[in-house]
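Below you'll find the structure, written out as structure tokens, and then a few comments.
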Amino acid sequence: MIDPDVARLVRGVLWPGFLGRTAPDWLLRELDGGLAGVVYFGQNLSSDPAEVAALSAELRDHRPEILIGVDEEGGNVSRLEAQTGSTLPGHAQLGALDDVETTRAVGAALAERLRAAGANVALAPVADVNTNPANPVIGVRSFGPTADLVSRHVAAMVDGLQAGGVAACVKHYPGHGDTASDSHLDLPRIDLDLAELEAEHLPPFDAAIAAGVASVMTAHIVVPAFGDAPATLNPIPLRRLRESGFDGVIISDALDMAAIRSTTGSGRGAVLALEAGVDLLCIGNPSNLGPKQGATTDEDDYLEVFEAVCAAVADGELDRAIVERAAARVAWLARSVSPSTGSGTGASVPEPSAVPELVEGRFSDAIRRVVRVRGDVAITASAITLVDLRDRPTFAVASAHDPFAESLAERFDVTRLAAGPSLRTPGPDAEAPASDELTLLLETIPADDGVVLLADRLGDDTPQRLAVDRVALVRPDAVVVSVGLPLADDAVLPLPVIDTLAASRASADRVTELLAAASTAAPTHHLHDQHHRNGS
């Protein structure tokens with residue numbers, strides 16, 4: 001039997017996800033019992049803003065001072081617009097534009113959208129400096145590859161979000177930008193010495209702290225300079241975070257990610273995270289299959305953490321005072337962003353000020369300025385076959401929705417092909433491209449269709465780059481749309497390329513605009529979604 005006082009205390013440091021678009025009974029009971037709040041994921045959110053606002057209102061009826069968080073970055077990562085693709089610029093686009101006032105305005109716009117949904121914590125901005133071009137999980141989610149660039153845009157977005165009355169949560173401390181693996185799937189390691197880390201990866205977090213950021217999210221990464229434990233479970237980097245002047249809420253990255261669940265387990269990881277200095281435990285998105293292969297429910301995932309922390313407090317393994325301090329910080333944050341209490345508590349997150357007037361089309365204009373065209377783009381057909389060469393979306397991006405197909409279908413007759421690994425990777429006949437499977441597929445596309453290739457990893461010798469080279473032999477009239485990191489200025493591809501820096505609806509609309517301007521054909525409006533038999 002769990003002591004009711006301990007149970008209420010522990011609930012105050014837990015932040016679960018849940019399944020579906022309505023609040024399950026277990027969640028409402030836990031909110032009544034003091035649960036800190038919830039994190040919304042795409043699977044929770046209807047495309048109808050009124051529905052989302054009603055869900056938030058129901059949750060707030062059970063817990064007035066609730067923290068409702070949303071993983072909303074703009075660009076590739078959007079939960080509020082998961083079904084359509086984000087209409088706001090992404091971090092890499094903002095970094096390429098390098099206008100901090102536009103970044104601040106995007107933060108204000110994000111805050112306005114979150115508040116309309118009833119949410120009050122944005123899991124943004126991303127403060128990671130993407131120094132590894134092969135990084136599988138950050139990439140265009142970062143403002144760029146240098147600490148100075150990332151620092152000024154992190155500070156601007158924090159300011160825009162928090163001026164809008166929403167708590168910002170910068171992530172992923174002490175920096176996920178030099179990793180070569182995805183912590184959703186593995187436990188990454190960054191082999192940098194402390195001097196390199198201080199110079200290249202920590203400055204954006206310091207800039208966020210100087211801007212008054214309300215919360216910081218940890219990274220499930222091992223930094224040997226700090227020891228063998230991942231940062232989320234490691235008191236050394238978290239002590240450094242406090243010593244740098246941060247007195248807000250430290251939030252764990254999701255405990256259902258393989259970096260934790262497949263190593264310590266979520267329950268044990270939660271205890272170690274609290275001991276290390278984490279205040280609020282993000283349990284994660286129960287719709288992700290993860291290491292348990294979907295064998296648990298949302299309530300199971302929650303109870304695994306809740307019961308482990310309660311047991312650790314009860315048997316003295318986890319000092320109750322540690323949980324009390326964490327719960328006090330979480331309660332402070334909840335008071336600071338709760339409509340019923342506002343900023344009268346002395347908290348640093350203010351009531352929303354007037355959102356800067358956003359000139360109609362301002363963000364569209366920003367995207368027009370950063371989307372680059374290399375080569376001569378000339379689609380003269382009224383029909384397009386869109387061949388998606390990308391891998392499956394990461395758990396961070398989550399949505400498999402393709403805004404490019406839908407946007408193009410407003411101007412062209414579109415057939416979308418989702419390419420599987422066999423279409424991206426040369427087989428035994430790779431030296432004879434005329435017989436490979438990708439070539440055979442291309443030969444089924446009507447000759448008078450335009451061909452657009454959607455790619456996000458076009459570095460030398462990547463499977464997608466090799467696929468582009470093979471397509472060029474058969475369809476030299478094809479166009480590549482690159483939604484990943486920008487190509488080097490001296491990069492040479494055999495086909496024209498549109499560099500967008502984001503897989504968003506806003507980027508897709510710019511691509512459609514460019515292709516339509518190059519087309520002399522009469523517009524049609526159809527979308528046929530086909531999957532190659534080896535497709536993803």
Side-chain angles (χ1 to χ4, degrees), residues 37 40 49 53 56 65-75 77-81 86-91 93-95 97-127 143 149-171 204-217 245-249 251 329 332-363 365-366:
Y40 287 157
S56 299
E65 292 181 356
I66 187 176
L67 292 177
I68 300 178
V70 186
D71 209 1
E72 191 73 20
E73 301 170 9
V77 178
S78 176
R79 311 307 181 202
L80 295 175
E81 296 183 286
S86 177
T87 53
L88 291 175
H91 284 28
Q93 292 174 324
L94 293 168
L97 186 66
D98 200 12
D99 175 2
V100 292
E101 290 307 316
T102 297
T103 300
R104 186 174 287 110
V106 170
L110 283 170
E112 190 171 39
R113 294 177 183 198
L114 263 67
R115 287 181 63 85
N120 51 19
V121 182
L123 300 181
V126 175
F143 288 110
L149 174 66
V150 175
S151 293
R152 60 179 170 267
H153 288 279
V154 162
M157 186 165 282
V158 166
D159 187 48
L161 281 164
Q162 296 194 166
V166 167
C169 177
V170 294
K171 57 192 185 184
F205 295 96
D206 293 336
I209 293 166
V213 72
S215 60
V216 174
M217 177 171 280
F246 180 65
D247 60 359
V249 174
I251 302 176
R329 285 197 184 97
W332 160 83
L333 180 58
R335 288 193 300 272
S336 74
V337 290
S338 294
S340 59
T341 56
S343 57
T345 61
S348 61
V349 179
E351 279 293 287
S353 58
V355 175
E357 183 178 354
L358 304 179
V359 177
E360 185 67 28
R362 173 176 183 174
F363 296 141
D365 181 63

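What you are looking at is a predicted structure, and each value in this text was computed from that prediction instead of being measured.
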Is Val337 close to Val166 at the side-chain level, that is, under 4.5 Å between some pair of heavy atoms?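 Val166 vs Val337: side chains apart.
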
If you define the side chain from C-beta out and look only at heavy atoms, does anything of Ile251 sit under 4.5 Å from Lys171?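 Side chain of Ile251 against side chain of Lys171, heavy atoms only: no contact under 4.5 Å found.
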
Derivation of the side chain to side chain contact (heavy atoms under 4.5 Å, CB included) call for Val154 and Phe205: CA-CA 8 Å; Val154 162; Phe205 295 96; over 6 Å; no

Show the nearest heavy-atom pair for residues [X] and [Y], with the distance to one decimal.
| X | Y | answer |
| --- | --- | --- |
| Gly164 | Ala111 | CA-CB, 3.8 Å |
| Ser151 | Ala207 | O-CB, 3.7 Å |
| Gly75 | Ser86 | O-CB, 3.3 Å |
| Tyr40 | Ser56 | OH-OG, 2.8 Å |
| Leu161 | Ala124 | CD1-O, 3.7 Å |
| Val213 | Phe246 | O-CE1, 3.5 Å |

Non-neighbouring partners of Glu72 that pass salt bridge (Lys or Arg N to Asp or Glu O under 4.0 Å), sequence neighbours left out: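 If we apply the salt bridge (Lys or Arg N to Asp or Glu O under 4.0 Å) test to Glu72, skipping adjacent residues, there are no hits.
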
Nearest-0.5 Å distance that lies between atom CZ in Arg152 and atom OG1 in Thr103: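 Going from the CZ atom of Arg152 to the OG1 atom of Thr103 covers 9.5 Å.
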
Side-chain donor-acceptor contact under 3.5 Å, Thr87 with Arg113: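 Yes, because at least one side-chain N or O of Thr87 sits under 3.5 Å from a partner of the opposite role on Arg113.
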
Whether the side chain of Ser215 engages the backbone of Val249 through a donor-acceptor N/O pair (distance < 3.5 Å, no angle test) should be reported.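 No; judged by distance alone, with no hydrogens or angles, the pair does not exist.
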
Looking at Ala168, is its backbone amide N or carbonyl O close enough to the side chain of Gln162 to form a donor-acceptor pair, meaning the two atoms are under 3.5 Å apart?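 Judged by distance alone, yes, a pair lies under 3.5 Å.
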
Start with the C-alpha gap between Asn120 and Leu67, add the side-chain angles, then the distance that decides, and say whether side chain to side chain contact (heavy atoms under 4.5 Å, CB included) holds. CA-CA 6 Å; Asn120 51 19; Leu67 292 177; 4.2 Å; yes

Worked check of side chain to side chain contact (heavy atoms under 4.5 Å, CB included) between Leu123 and Arg79: CA-CA 11 Å; Leu123 300 181; Arg79 311 307 181 202; over 6 Å; no

Passing option when Pro125 is tested against Leu110, Val158, Val106 for side chain to side chain contact (heavy atoms under 4.5 Å, CB included):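 Testing each of Leu110, Val158, Val106 against Pro125, the sole residue satisfying side chain to side chain contact (heavy atoms under 4.5 Å, CB included) is Val158.
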
Please lay out, stage by stage, how His153 and His91 fare under the test side chain to side chain contact (heavy atoms under 4.5 Å, CB included). CA-CA 9 Å; His153 288 279; His91 284 28; over 6 Å; no

